[in-house]
Amino acid sequence: MAQRGEAETLPLHPALSRVSSSSSRARAAAAVRPGPDPLLVICRCFSFVTSLTAILCVAVNVLSAVRSFKDGSDVRLSISKCYAVVIAFIVVVAETEWGFVIKFWKILEYWAGRGMLQIFVAVMTRAFPDYSSNQKELVVLQNIASYMLLACGLVYVISGILCIGFLKRARQKKEITREQAVKDLEVSFVCCSS
């Protein structure tokens with residue numbers, strides 16, 4: 001007999017019991033897999049925007065270097081734009097957080113260091129603009145690319161000072177551990193049910 005406030009449960013047929021337990025396992029698995037971490041989603045989106053901005057800086061600096069080499073007017077501008085291309089490419093690679101790159105350039109693991117590198121590339125992209133009438137489009141692209149990368153770099157530096165990068169790495173580690181635990185549970189469930 002059920003006590004006051006409790007529902008009375010009836011015994012189930014063994015086949016229904018197996019169905020019920022498998023559906024409860026499915027519900028438990030769904031409960032184990034919460035949605036993606038909002039901080040990690042925001043960080044991935046910001047990293048994508050920063051990568052696109054750095055690619056724009058690479059393109060603008062390549063165009064500027066090519067035009068400068070064609071004109072032969074300013075060797076200093078051409079060389080600085082070549083350096084800006086190489087360093088902007090490093091920014092793009094750093095945004096992928098590829099383990100090989102991070103292993104050799106530990107400073108890029110920290111957001112303040114990554115932000116300072118982005119600010120440096122933005123300043124190099126903005127340096128030595130040619131305001132002649134035939135290159136106004138290039139100057140506009142230089143301004144857009146440099147100010148966008150400067151903004152991304154400032155966000156990275158401020159976030160690095162506030163230890164957001166450390167928080168992101170901790171949450172990534174937690175997410176990887178959680179995913180591995182779910183995979184292990186699924187493997188053990190498959191092994192046990194066979």
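In this structure, SG in Cys43 is found 15.5 Å from CZ in Phe48, a value given to the nearest 0.5 Å. Put simply, CG on Leu149 and CG on Leu154 are 10.0 Å apart, with the number rounded to the nearest 0.5 Å. Lys168 contributes atom NZ, which lies 6.0 Å from atom OG of Ser47 (distance to the nearest 0.5 angstrom). Between atom CZ of residue Arg169 and atom OH of residue Tyr110 there is a gap of 6.0 Å, rounded to the nearest 0.5 Å. Note: Met124 CE to Ser80 OG = 5.5 Å, rounded to the nearest 0.5 Å. Between the CG atom in Asn61 and the SG atom in Cys82 there is a gap of 9.0 Å [rounded to 0.5 Å].
Between Ser64 and Gln142, the shortest heavy-atom distance links the atoms OG-NE2, 3.4 Å. Listed here is the closest heavy atom pair of Ala112 and Val157: O-CG2, 3.7 Å. Across all non-hydrogen atoms, the minimal contact from Gln172 to Glu97 is NE2-OE1, 3.8 Å. For the pair Ala54 and Val92, the tightest heavy-atom approach, listed with the atom from each and the gap, is CB-CG2, 3.4 Å. Shown here for Val121 and Ala84, the closest heavy-atom pair between the two residues is CG1-O, 4.4 Å. Minimum interatomic distance between Lys81 and Ala127 (heavy atoms only, all atoms of both residues): NZ-O, 3.2 Å.
Taking Ser51 as the reference, nothing meets the side-chain hydrogen bond (donor to acceptor under 3.5 Å, both in side chains) condition, with sequence neighbours excluded. Scanning for side chain to side chain contact (heavy atoms under 4.5 Å, CB included) contacts around Arg44 gives Leu40, Glu175, with sequence neighbours left out. Partners of Trp105 according to the ring-ring contact (aromatic ring centres under 6.0 Å, His included) rule, which considers only residues two or more places apart in sequence or in another chain, do not exist here.
Put simply, the side chain of Tyr83 does not reach to within 4.5 Å of the side chain of Ser78, judged on heavy atoms. At least one side-chain heavy atom of Trp111 sits less than 4.5 Å from a side-chain heavy atom of Ile164. By the 4.5 Å heavy-atom criterion applied to side chains, Leu108 and Ile90 are counted as neighbours. Within the 4.5 Å cutoff, the side chain of Arg171 has heavy atoms near those of the Leu167 side chain.
Criterion: ILVMFWY side-chain heavy atoms under 4.5 Å apart, direct or through other members. Under it, Val155 and Ile158 are part of a common hydrophobic cluster. Transitive grouping of hydrophobic side chains (ILVMFWY, heavy atoms separated by less than 4.5 Å) keeps Leu63 and Val58 in distinct clusters. Val93 and Ile107 fall within the same hydrophobic cluster, defined by Ile, Leu, Val, Met, Phe, Trp and Tyr side-chain heavy atoms under 4.5 Å apart, directly or through other members. Residues Phe89 and Trp98 fall within the same hydrophobic cluster, defined by Ile, Leu, Val, Met, Phe, Trp and Tyr side chains chained together at heavy-atom separations under 4.5 Å. Hydrophobic clustering (ILVMFWY, side-chain heavy atoms < 4.5 Å, transitive): Ile119 and Tyr147 are in one cluster.
Among Thr125, Ile87, Leu150, the single residue meeting the side chain to side chain contact (heavy atoms under 4.5 Å, CB included) criterion with Phe120 is Ile87. Just one of Ile144, Asn143, Leu138 meets the side chain to side chain contact (heavy atoms under 4.5 Å, CB included) condition when paired with Val140; it is Ile144.
A salt bridge links Arg114 with Glu95: at least one charged nitrogen is closer than 4.0 Å to a carboxylate oxygen.
Centroid-to-centroid, the aromatic rings of Tyr156 and Phe46 come within less than 6.0 Å.
No donor-acceptor distance shorter than 3.5 angstrom exists from the side chain of Lys70 to the backbone of Ala65, with no hydrogens or angles considered.
Ring-plane geometry between Phe100 and Phe104 is classed as perpendicular, the angle between the planes exceeding 60 degrees on a 0 to 90 degree scale with a lower cut at 30.
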